[in-house]
Engineer: 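Quick one: structure below, then a few questions.
Remember, it's a predicted structure, so these values are computed and weren't measured experimentally. Note on naming: letters A, B, ... go to the chains in the order of the sequence lines (proteins, then strands), and numbering restarts at 1 for each one.
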Amino acid sequence: MQLSVNFLGLMVFCSILWTSCTVDDKDLWTGIVKPAHFPEPFFKVEVTKEGFELGRKLFYDPILSRDQTISCGGCHNQSSAFTHHGHDLSHGIDDLIGMRNSLPIQNLIWHNSFFWDGGVGHIDLISINPIENPVEMDLRFGQAIAKLNTDQNYREQFKSVYGSDSITGSLFLKSMTQFMSMLVSADSPYDQYLSGNSNALSAEEIEGMKIFESKCASCHSGVLQSDFAFRNNGLQEEPFIDDGRFLISQFEQDKGKFKVPSLRNVEYTYPYMHNGNKNSLEDVLHHYRFGIKKSSTLDSLLIKNGKLGIELTDEESSKIIQFLKTLSDPKFIRDKRFSEQ
Amino acid sequence: MLNLKYYFYSILLLSSFTILSCHKHDDDDLSGTGTLEIEFDHKANGQTFAFGQDYVNESGETMQFTEFNYYVSNFSLVKSDGSVYTVPKDECYFLIREKADGVNTKISLSNIPAGDYKEFKFTIGVDSLKSTSPAEQRTGALDPAGEAAGMYWAWNSGYIFVRVEGTSPAAPLDPGTNSNKFRYHIGLFGGMNSPTLNNIRTVSLKDKHDDVAEIRKDHHAAHLHVFVDIMDMFKSPNAISVATNPTVHASPFSANLANNYMDMFVLDHIHN
């Protein structure tokens with residue numbers, strides 16, 4: 001009898017512990033967890049639960065646009081790994097059309113520059129760009145911060161996160177960084193395979209991976225499939241419609257070059273390329289085999305023995321595509337933590 | 001006669017006192033720290049600068065200015081013995097803005113070790129490390145939501161080092177403002193992980209009579225009076241024509257303006 005009372009007591013105690021864990025999920029907050037098979041991130045970001053939630057609220061709030069019609073999340077949809085689903089060039093305010101295809105927001109802390117031209121050099125500075133862009137949100141950064149300061153709810157929330165109800169540009173940017181750097185996609189079948197589950201990929205997908213590694217990974221290298229360099233992949237003839245990296249560096253040799261994109265969740269992020277003019281992975285493979293345009297800055301890896309393009313058979317191309325689809329992370333695009341609340 | 005002689009000697013004595021009091025002596029206490037003040041006095045073709053006045057550039061074009069702003073940073077000071085004192089970086093990013101009231105901007109560098117300083121070096125612009133620093137380091141003159149508004153490029157993340165705008169009959173009609181505008185926004189710090197054009201320029205100022213700034217503790221600040229002639233931006237070696245280049249932002253051509261404006265700073269005199 002004594003024993004069973006003790007036992008019951010223990011049960012009750014455990015269930016209280018359990019309840020306290022589930023009720024207050026702050027205890028479960030892990031921040032950013034580096035996937036074991038990923039390299040060390042380029043940016044070290046401290047994320048608190050409150051900072052992350054504030055950043056999430058801002059990400060989905062159209063208050064950051066001139067006429068309160070458009071939020072970050074409006075063009076960066078979770079269902080397409082935070083890119084603009086199905087749009088070649090992204091739409092912004094007043095239905096104006098942007099210059100380039102919007103990039104997915106994922107695994108940002110492993111990147112050393114941002115945007116197709118690498119124009120932004122620090123993760124904290126990303127969001128000033130779309131806020132100020134006249135075809136995106138069209139507000140001066142200072143105006144956006146002034147608007148936030150007129151909103152009592154935001155003032156209170158900033159106070160509870162940072163201890164001050166004066167919203168500064170710096171605190172705003174830190175909040176955006178906290179949300180965006182939490183968007184880590186690392187649970188695709190490919191990741192499971194790399195983490196030791198040899199059944200995560202089929203024999204054909206593994207074959208596709210090997211072909212990819214020998215034919216594509218000079219540029220699309222590593223677990224994030226990018227060397228983060230700027231390269232001309234033969235989409236444009238000269239004179240270039242879009243000078244790409246040149247617009248940032250002002251070096252002639254950078255004309256027509258763009259940052260090699262990561263291919264994570266590539267199945268969800270169509271259309272492809274800086275100008276969004278390839279609608280399917282088949283189109284992309286076709287481009288690399290038959291569509292390379294010659295120009296003075298074309299990447300030398302795309303010319304072999306005087307011939308343009310990457311030599312691949314139909315079968316090899318389709319296996320590469322099968323492999324690319326193993327980079328899809330369905331949990332990432334459905335993770336409720338990252339959705340508008 | 002005796003009276004006159006007495007008078008003469010007393011003047012001599014008085015003058016020597018005056019001379020002595022103007023110059024501090026080698027036996028000055030060189031412990032502790034003091035302050036250096038730098039006044040930026042804007043000029044145009046040697047005249048006092050003002051917005052809305054006509055100035056003629058080397059290409060013979062008349063220019064009127066509406067904006068004249070620039071960053072100075074990364075100060076280092078050379079003592080008479082050649083040793084160098086580098087002012088801690090984070091204390092010295094200054095945005096100098098020409099204001100409509102015509103009052104010169106003065107900046108103050110404090111905690112400078114006592115000594116005689118003969119050369120004054122600084123950067124026009126914001127260095128690459130600061131340009132790629134995290135948000136919390138962007139305070140004061142470097143806050144893009146505050147003082148740095150209009151001096152920051154979001155799309156090519158970095159500061160505009162020198163921003164000059166105005167109108168000229170020689171400039172083509174700008175459809176946006178329906179005026180004959182010119183705009184010179186010069187930036188580009190050289191990139192961090194991938195290189196870009198580098199328009200960072202360093203200025204080194206010395207007094208033409210080799211005067212030194214005497215920094216002493218418990219003494220008022222030594223004061224550099226620096227002339228900054230805006231028209232030097234448009235002078236040889238790279239004479240800029242408003243008609244040919246009415247707008248220069250990030251472009252390879254911007255280096256010409258950077259090479260010009262590094263010579264627009266002249267140390268006119270020092271007060272101790």
Engineer: Highest number of heavy-atom pairs under 4.5 Å with chain B: which of A:F114, A:F251, A:F141?
Structural biologist: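 The answer is A:F251.
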Engineer: Does anything in residues 122-135 of chain B reach chain A? List residues with heavy atoms under 4.5 Å apart, or say none.
Structural biologist: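 Residues in range: B:S131, B:T132, B:S133, B:P134, B:A135.
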Engineer: Tell me the residues of residues 181-201 of chain B whose non-hydrogen atoms fall below 4.5 Å from those of chain A, in number order.
Structural biologist: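 The list, in residue order, reads B:L188, B:N193, B:S194, B:P195, B:T196, B:L197.
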Engineer: Using the side chain to side chain contact (heavy atoms under 4.5 Å, CB included) rule, take B:W155 and A:I248 through it: C-alpha gap first, then chi angles, then the decisive distance, then the call.
Structural biologist: CA-CA 8 Å; B:W155 55 277; A:I248 302 304; 3.9 Å; yes
Engineer: Closest approach of A:L247 and B:N156, non-hydrogen atoms and distance?
Structural biologist: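 Heavy-atom minimum between the residues: O-ND2, 3.8 Å.
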Engineer: NZ of B:K99: more than 12 outside heavy atoms within 6.0 angstrom?
Structural biologist: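 Count over threshold, so yes.
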Engineer: Tell me the residues of residues 241-258 of chain B whose non-hydrogen atoms fall below 4.5 Å from those of chain A, in number order.
Structural biologist: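 B:A250, B:S251, B:P252 fall under the 4.5 Å cut-off.
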Engineer: Would you say that more than 12 heavy atoms from the other residues, nucleotides or ligands in this model lie under 6.0 Å from the CD1 of A:I241, or not?
Structural biologist: no
Engineer: Tell me, for A:F172 versus chain B, whether the close heavy atoms (under 4.5 Å) come from the side chain, the backbone, both or neither.
Structural biologist: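 For A:F172, no heavy atom lies under 4.5 Å from chain B.
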Engineer: Can B:E136 and A:S170 be said to form a side chain to side chain contact (heavy atoms under 4.5 Å, CB included), step by step?
Structural biologist: CA-CA 5 Å; B:E136 64 269 22; A:S170 165; 4.0 Å; yes
Engineer: If the test is side chain to side chain contact (heavy atoms under 4.5 Å, CB included), which one of A:D124, A:T168, A:L125 qualifies with B:R138?
Structural biologist: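 One option only clears the test, and that one is A:L125.
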Engineer: Can you confirm whether A:Q253 is buried at CD, in the sense that more than 12 heavy atoms of other residues, nucleotides or ligands lie under 6.0 Å from that atom?
Structural biologist: yes
Engineer: Please classify the contact of A:F42 with chain B as side chain, backbone, both or neither, using a heavy-atom distance under 4.5 Å.
Structural biologist: side chain
Engineer: Write out, in numerical order, the residues from residues 145-153 of chain B with a heavy atom short of 4.5 Å from a heavy atom in chain A.
Structural biologist: B:A145, B:G150, B:Y152
Engineer: Select, from A:E132, A:K174, A:E252, the one with the greatest count of heavy-atom pairs under 4.5 Å involving chain B.
Structural biologist: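 Most heavy-atom pairs within the cutoff with chain B belong to A:K174.
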